Amino acid sequence: MPALDDILHQKLERLEAKHARRTLHETAHEEGIGVMRSGKQLLSFSSNDYLGLSKHPEVINAGVKALSYYGAGAGASRLVTGNHPLYGALETRLAAIKGTASALVFGSGYLANIGVISALMSKDDLIIADKLVHACMLDGAKLSGAKLLRFLHNDTQDAARLLVEHRGNARHCLILTETVFSMDGDLAPIETLQKLANEHDAWLLSDDAHGVFESEVKDQGSENYIQIGTLSKAIGTYGGYVCGSKTLIDYLISSARSFIFSTALPPAVIAAADKALEIIAQNPELCATPLRNARHFTDILELPQATSQIVPIIIGDNAKTLDIAAALEARGLLISAIRPPTVPQGTARLRITFSTLHSEQEVEALAKTLKSLL
Ligand SMILES: *Cc1c(COP(=O)(O)O)cnc(C)c1O
């Protein structure tokens, strides 16, 4: 066996021993919220397609039309010849829904985060991040070379303490958080963080990858507030975006490396995302249903009331979490077991996500089955 494979084999065995090895499971998506895995039909509570828009006939149709008219790929980065006319409409819609002057679409949410953070910050700067922010925000912080400090999750006093102690030594300062936390489903105290940022001459960047646009505030746009998001979850397609001032967007076009050096999205994806956003803007009821389903679930199980469509059930132990997920799968329910390093050590969990497509009866059936397994 070649030396590389020897070493990797050992590393895989160590992961296996910790129940931390990851594997891919072929999963075909069926009608509605169902999936097909290993020949078995399952009801999924683990998709981020919260509004069911990935399968919405009008979204699909917009994609199909653009695909046959413009072709399968963009052919180049946006700065070369890939800046398709469809981008303008999509970015105008994104800026309007987020209450900002401008927006810029990236290849994915991951690329948006690493590109924006590393374009804004560098060696003499300070980044203060919530303990639970997504891996791609931390990767962006590392790429930037800035000093990175973490504050306790959603603890604005701890963030204030870090700013008081360290802000003075840095040139620029950026605070990182998530609007809806991806693995916990709780919400960041955005207004307090904005105030804190203003008091300490810092900027705030919040990643709203898990937002479902149910109560989008129209006048969030403040100069020191940067909003990132993805087209890959509630919007049902693929891609990422950043919303902010016109100057911010102009600067990113010239300096965000993951924007400059990566091919533009396929035209069909842009057209489908634009249609999905149009549907979101016209159907507030669609956006309110995931949280209503989540609350119905937490009410039945007498859990703390859900604050978003994401409900974690923390089990702790990796192996036990995997066992419960397997038992649920045997009963026809697909729920993700989330383990470290995606979540902190000792907090392995079932991550349950609710969608517009779940019926009340399906939510009740899940609650009943889970009750019998916990
Ligand atoms: C999923 C996710 C991303 C990545 O977005 P993609 O479009 O899937 O690359 C970024 N940030 C957070 C918080 C996420 O949950």
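Remember, it's 1-based here, ligands and their atoms both numbered in the order they're listed. Since this is a predicted model, take the numbers as computed values, not measurements.
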> Quick one: hydrophobic cluster around Phe45, which other residues, with the 4.5 Å side-chain cut-off, linked directly or via members?
Replying inline: Ile33, Leu43, Phe297, Leu301, Leu303, Val311, Ile313, Ile315, Ile324, Leu328, Leu333, Ile335, Leu350, Ile352, Phe354, Leu357, Val363, Leu366, Leu370, Leu373, Leu374

> When you look at Asp49 and His29, which way does the side-chain hydrogen bond (donor to acceptor under 3.5 Å, both in side chains) test go after all the steps?
Replying inline: CA-CA 12 Å; Asp49 180 17; His29 292 254; over 6 Å; no

>> Under the rule for side-chain hydrogen bond (donor to acceptor under 3.5 Å, both in side chains), what residues qualify as partners of Ser108, not counting sequence neighbours?
In response: none

>> Ignoring hydrogens, what is the shortest heavy-atom contact between Ser102 and Ser245? Give both atom names and the distance.
In response: CB-O, 4.0 Å

Kindly list each side-chain donor-acceptor pair under 3.5 angstrom involving residues 67-76, sequence neighbours excluded, with atom names and distances?
{"residue": "Ser68", "atom": "OG", "partner": "Val64", "partner atom": "O", "Å": "3.0"}
{"residue": "Ser68", "atom": "OG", "partner": "Lys65", "partner atom": "O", "Å": "3.4"}

>> For a side-chain hydrogen bond (donor to acceptor under 3.5 Å, both in side chains) check, start with the C-alpha distance between Asp130 and His153, then their side-chain angles and the critical distance, and finish with the verdict.
In response: CA-CA 5 Å; Asp130 187 286; His153 176 51; 2.9 Å; yes

Exercise answer, ligand 1 polar atom pairs (N/O) under 3.5 angstrom:
{"residue": "ligand 1", "atom": "7 (O)", "partner": "Gly109", "partner atom": "N", "Å": "2.8"}
{"residue": "ligand 1", "atom": "7 (O)", "partner": "Thr230", "partner atom": "OG1", "Å": "2.7"}
{"residue": "ligand 1", "atom": "7 (O)", "partner": "Ser232", "partner atom": "OG", "Å": "2.8"}
{"residue": "ligand 1", "atom": "9 (O)", "partner": "Gly109", "partner atom": "N", "Å": "3.2"}
{"residue": "ligand 1", "atom": "9 (O)", "partner": "Tyr110", "partner atom": "N", "Å": "3.0"}
{"residue": "ligand 1", "atom": "11 (N)", "partner": "Asp207", "partner atom": "OD2", "Å": "2.5"}
{"residue": "ligand 1", "atom": "15 (O)", "partner": "His210", "partner atom": "NE2", "Å": "2.6"}
{"residue": "ligand 1", "atom": "15 (O)", "partner": "Lys233", "partner atom": "NZ", "Å": "2.7"}

